[in-house]
Amino acid sequence: LPYHDDREQGDPIFEIYRDDLEQLNQYLSQRDESIVFVSTPNEELDPLIYKYTGQASNTKIVFFNAFANIVLSEEPTLLFISPLSSISEKHQKWLTPNYGTQHIDTLYRQDHNVAYEVYRVSDAPNTLRQALSDIDQRNVFIQSNGQRQAIDFPINFGNQIQLRNIEIPRETVYNKDDGVNNQLYLEPLIEPSGATLSIFMHLIAEEGQPPVAQRDLLGIKPANWHPNILFVQDNFVPIQMPIEPRLYTLTMGVYDIQTGQRLPILDEQGNVLADHLILGEIDVIIRPQE
């Protein structure tokens, strides 16, 4: 297999790493899978390296970094988890039978270490749909004519991606050394593209004011998108420096990194509703003395 440069040739670490992808290729070449999901520590480089292994015919691969994400589907789909990119603790539940996932195989490298644990998600019909319906759907809003207006899921951002749901486990956080955790359930609406998109999340005191805390993150880049998949993104808006204790508003949106332009929120007729979504109120309190 090819190397980045001559210094890597003969290095057992790089040879074993490429062997992971070769084992994946051999496994898929013996199966009729239209699309599979593969965790990787480098979702930009590994697709290129994989092509040199002799890509399995007609099998599309969604490479993703599992540090903050897991990719799912409503159809039975193979999910390959690399020990180099393990599913986070917050997403471990999606690897269990209770959430419709079955462990079916283990792939080994030539040195007998694990290359991938192989699962099948949505092994039973409607398991993902049921799991999503079991999540409490919080009220979210847009700002329209100076007033907040409730909006139903799914929420369409520029016909590029839609938000199916969101979880915010803690709505009361400390004013320093803390943050707002949330789980975004995101569904691409387009095929893989070169779009340079990201998601912003802002914690603001008042509409129109600059954020006191923010996070920009899009775990699965558009180059790895496919319609009919869903990825769960673990998002965390950090509060590092002390901020005033009070009630803040958490907002989110999707924007183009290169231009800074936000994707509009669209209704079913394609009308523009807003350029950001209001997720709710976060009560920021003083951290007690330790």
Just by distance, do the side chain of [X] and the backbone of [Y] share a donor-acceptor pair under 3.5 Å?
{"X": "N145", "Y": "Q147", "answer": "no"}
{"X": "N126", "Y": "R129", "answer": "no"}
{"X": "K221", "Y": "L218", "answer": "yes"}
{"X": "S144", "Y": "Q149", "answer": "no"}
{"X": "R215", "Y": "M201", "answer": "no"}

Requested in this report: Quick one: do D267 and N271 satisfy side chain to side chain donor-acceptor pair (under 3.5 Å)? Show the steps, please.
Outcome: CA-CA 5 Å; D267 66 13; N271 300 310; 3.1 Å; yes

Would you check if there is a donor-acceptor pair between the side chains of [Y] and [X] at a distance under 3.5 Å?
{"X": "S198", "Y": "D216", "value": "no"}
{"X": "D105", "Y": "Y27", "value": "yes"}
{"X": "E117", "Y": "T106", "value": "yes"}

Requested in this report: Mind jotting down which residue pairs meet the salt bridge (charged side-chain N to carboxylate O under 4.0 Å, His left out) criterion with at least one end in residues 177-206? Sequence neighbours excluded, please.
Outcome: R164-E187, R170-D178, E206-R246

Would the number of heavy atoms belonging to other residues, nucleotides or ligands and lying under 6.0 Å from [atom1] of [X] be above 12?
{"X": "Q261", "atom1": "CD", "value": "no"}
{"X": "D32", "atom1": "CG", "value": "no"}
{"X": "I286", "atom1": "CD1", "value": "no"}
{"X": "D152", "atom1": "CG", "value": "no"}
{"X": "Q110", "atom1": "CD", "value": "no"}
{"X": "Q209", "atom1": "CD", "value": "yes"}
{"X": "Q92", "atom1": "CD", "value": "yes"}
{"X": "K93", "atom1": "NZ", "value": "yes"}

Search all heavy atoms of [X] against all heavy atoms of [Y] and return the closest pair with its distance.
{"X": "A115", "Y": "P83", "result": "O-CD, 3.2 Å"}
{"X": "V284", "Y": "L203", "result": "CG2-CD2, 4.4 Å"}
{"X": "S85", "Y": "A66", "result": "OG-N, 3.0 Å"}
{"X": "P41", "Y": "L84", "result": "CB-O, 3.9 Å"}
{"X": "L132", "Y": "N165", "result": "O-ND2, 4.0 Å"}
{"X": "Q160", "Y": "N156", "result": "N-OD1, 4.3 Å"}

**Report entry** Trace of the side chain to side chain contact (heavy atoms under 4.5 Å, CB included) decision for I282 with L247
**Finding:** CA-CA 6 Å; I282 303 298; L247 205 62; over 6 Å; no

Query raised in the report: Taking the six-membered ring where the residue is Trp, are the ring centres of F37 and F63 under 6.0 Å apart?
Result: no

**Report entry** Derivation and outcome, side chain to side chain contact (heavy atoms under 4.5 Å, CB included), residues I35 and T59
**Finding:** CA-CA 5 Å; I35 188 169; T59 300; over 6 Å; no

Requested in this report: Using the test salt bridge (charged side-chain N to carboxylate O under 4.0 Å, His left out), find all partners of E281 that sit at least two apart in sequence or belong to another chain.
Outcome: R148

Report task. Drop me the distance from S34's OG to N58's CG, to the nearest 0.5 angstrom. Result -> 9.5 Å

**Report entry** Interatomic distance, D111 atom CG to D19 atom CG [nearest 0.5 angstrom]
**Finding:**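 D111 CG to D19 CG: 7.0 Å, rounded to 0.5 Å.
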
Atom pairs and distances, side-chain donor-acceptor, residues 228-243, under 3.5 Å, sequence neighbours left out:
from	atom 1	to	atom 2	distance (Å)
Q233	OE1	G219	N	2.7
Q233	NE2	L217	O	3.1
Q233	NE2	N235	OD1	2.9
D234	OD1	N181	ND2	2.8
D234	OD1	Q183	NE2	2.8

According to ring-ring contact (aromatic ring centres under 6.0 Å, His included), does anything in [range] pair up with another residue at least two apart or in another chain? List the pairs.
{"range": "residues 88-110", "result": "W94-Y99, H103-Y119"}
{"range": "residues 122-146", "result": "none"}
{"range": "residues 174-222", "result": "F200-H202"}

Requested in this report: Apply side chain to side chain contact (heavy atoms under 4.5 Å, CB included) to the pair I142 and I278, showing each step before the final yes or no.
Outcome: CA-CA 6 Å; I142 57 172; I278 299 169; over 6 Å; no

Query raised in the report: When clusters are formed by joining ILVMFWY residues with side-chain heavy atoms under 4.5 Å apart, either directly or through shared neighbours, do L79 and Y50 land in the same one?
Result: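 They do not share one cluster, since no chain of ILVMFWY contacts under 4.5 Å joins L79 to Y50.
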
